[in-house]
Amino acid sequence: MLPFGELEIALVRDVSLIEDEWRRLEGREWNSLNQGLDWCRAWTAAHQSDLLAVTGSIGPRIQFLLPLEIIRGRLGRIARLPGGRFNNISTGLFDEALAAPNADKLRQFKAALARSLRNAADLVVIDEVPLAWKGITHPLSGLASIENQNHSFQLPLFATMEATLSQVNAKARRKKYRVQVRRLEAIGGFDYVVAHAAEEQHALLDRFFAQKSERLKAFGLPDVFAAAQTRDFLHRLLDAPQRGQDKPLSMHAIRLKGEHDGHIAAVTGLSRKGGHVLCQFSSIDDSVGADASPGELLFWLAIERSIEDGATLFDFGIGDQPYKRSWCSQETVQHDMLLPISARGSALAYLHLGKTGIKTAIKRNHRLYAMAQRWRSRHGGQD
């Protein structure tokens, strides 16, 4: 075990100097793909912000790395993980051999973190952190400030689709799949598209943006993908290099044949790191073949492909939806960590805690949540 108390904390402003160490840590199975270097670079490039990193080293080797961007607001400067609302799970980057610190070591860590960021930020926000993930307890779990208003949902993948489905209602799932395929075959059939060429990848992403915008508009909901920076970020992820089977983003779709040849009935964007496949987003166009539930069919096919490719976990990401619960046997509770650097940061932390508490109460009340969504839609998706 690596002694947590021996970490030497430093702020790195030029992350190119630590790229090799960053790549080494992001390759650890336990660490989230959302803190990978390609993910963080795509986000900060799209938002024209600086990418920083707080590192913890023992001797010459970095054993802990926290990617950060600085958000400057009216009330102060917040250091947070690049990716914002598009991070589905946050771990930071750790060597899993790093020993969990006791309370005294955690206090020393907070003090060292504050010293390293004193001239850069007022508050550090590390949100959507699972306190335990893949059998490992997060070394900073003792710093959890509040439970995040959202949970995430996962389906462990076994050696076969049949074994995987045994965790959920397998009989009903198989029957639904056969009906979906039969209904699409009745109108000409379909192809399951796993895009490889850059042109097709970007075209499917643009198709997703159009589908999602139309769908959200129809339900009177805000389009969280509307901002130019968000779209630029996701397009940049498509261009990030594939490293073995690991890919920050790849596009999958159901494309109809026959009379409706070329019609994209459903789209999803998947990320992969190690055995972890993460669904970043999905959309449907139900103007054709709606009774075949093409979105559900696409999830079946993507899960089946993931099993064939040796993945061990299919993650539907953060946010509670009925379709996620119908697929998933695992629900992950996440927490936010708030680390004030200054007096202004302490005030910001109280605001964040209050805001999270209000969001949690609203999300647990269906009527209030519907009202909040309508308000956000009228105000361009702002919280």
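Since the structure is predicted, the reported quantities are computational estimates derived from the model, not experimental observations.
When only modelled atom types and interatomic distance are considered, Thr332 and Gln154 share a side-chain donor-acceptor pair under 3.5 Å. There is a side-chain donor-acceptor pair under 3.5 Å between Glu69 and Ser49. A donor atom on one side chain and an acceptor atom on the other are not found under 3.5 Å apart for Glu128 and Ser90. Between the side chains of His151 and Asp320, no donor-acceptor pair of N or O atoms lies under 3.5 Å. At a cut-off of 3.5 Å, with distance as the only test, no side-chain donor of Asp127 or His352 sits close to an acceptor on the other residue. Using a 3.5 Å distance cut-off with no hydrogens or angles, the side chains of Ser326 and Arg173 do pair a donor with an acceptor.
Remark: Lys175 engages no residue in a salt bridge (charged side-chain N to carboxylate O under 4.0 Å, His left out) (not counting sequence neighbours). Shown here are the salt bridge (charged side-chain N to carboxylate O under 4.0 Å, His left out) partners of Asp122, two or more places apart in sequence or in another chain: Arg77.
In terms of modelled atom types and a separation under 3.5 Å, the side chain of Ser145 and the main chain of Met337 share no donor-acceptor contact. Judged by distance alone, the side chain of Gln211 and the main-chain N or O of Ile264 form a donor-acceptor pair under 3.5 Å.
Ring planes of Phe225 and Phe209: tilted class, angle from 30 to 60°. Classification of the Phe316-Trp327 ring pair by plane angle, with boundaries at 30° and 60°, yields parallel. In this structure, Tyr323 and Phe299 have parallel ring planes: the angle between them is below the 30° cut-off, well short of the 60° mark.
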message: Determine whether Asp223 and Lys212 satisfy the following criterion, salt bridge (charged side-chain N to carboxylate O under 4.0 Å, His left out), listing intermediate values before the conclusion.
response: CA-CA 8 Å; Asp223 183 359; Lys212 198 68 172 180; over 6 Å; no
- request: Just do the salt bridge (charged side-chain N to carboxylate O under 4.0 Å, His left out) check on Arg23 and Glu26 with the steps written out, would you?
  value: CA-CA 5 Å; Arg23 298 286 186 198; Glu26 72 179 37; 3.3 Å; yes
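With ring centers used as reference points, Phe4 lies 6.0 Å or more from Phe64.
A salt bridge between Arg243 and Asp246 is absent, with no side-chain N of the basic residue lying under 4.0 Å from a carboxylate O of the acidic one.
Geometrically, Arg305 does not engage Trp300 in a cation-pi contact defined by less than 6.0 Å to the ring centre and at most 45° from the axis.
Counting heavy atoms from C-beta on, the side chains of Ile307 and Phe158 never come closer than 4.5 Å.
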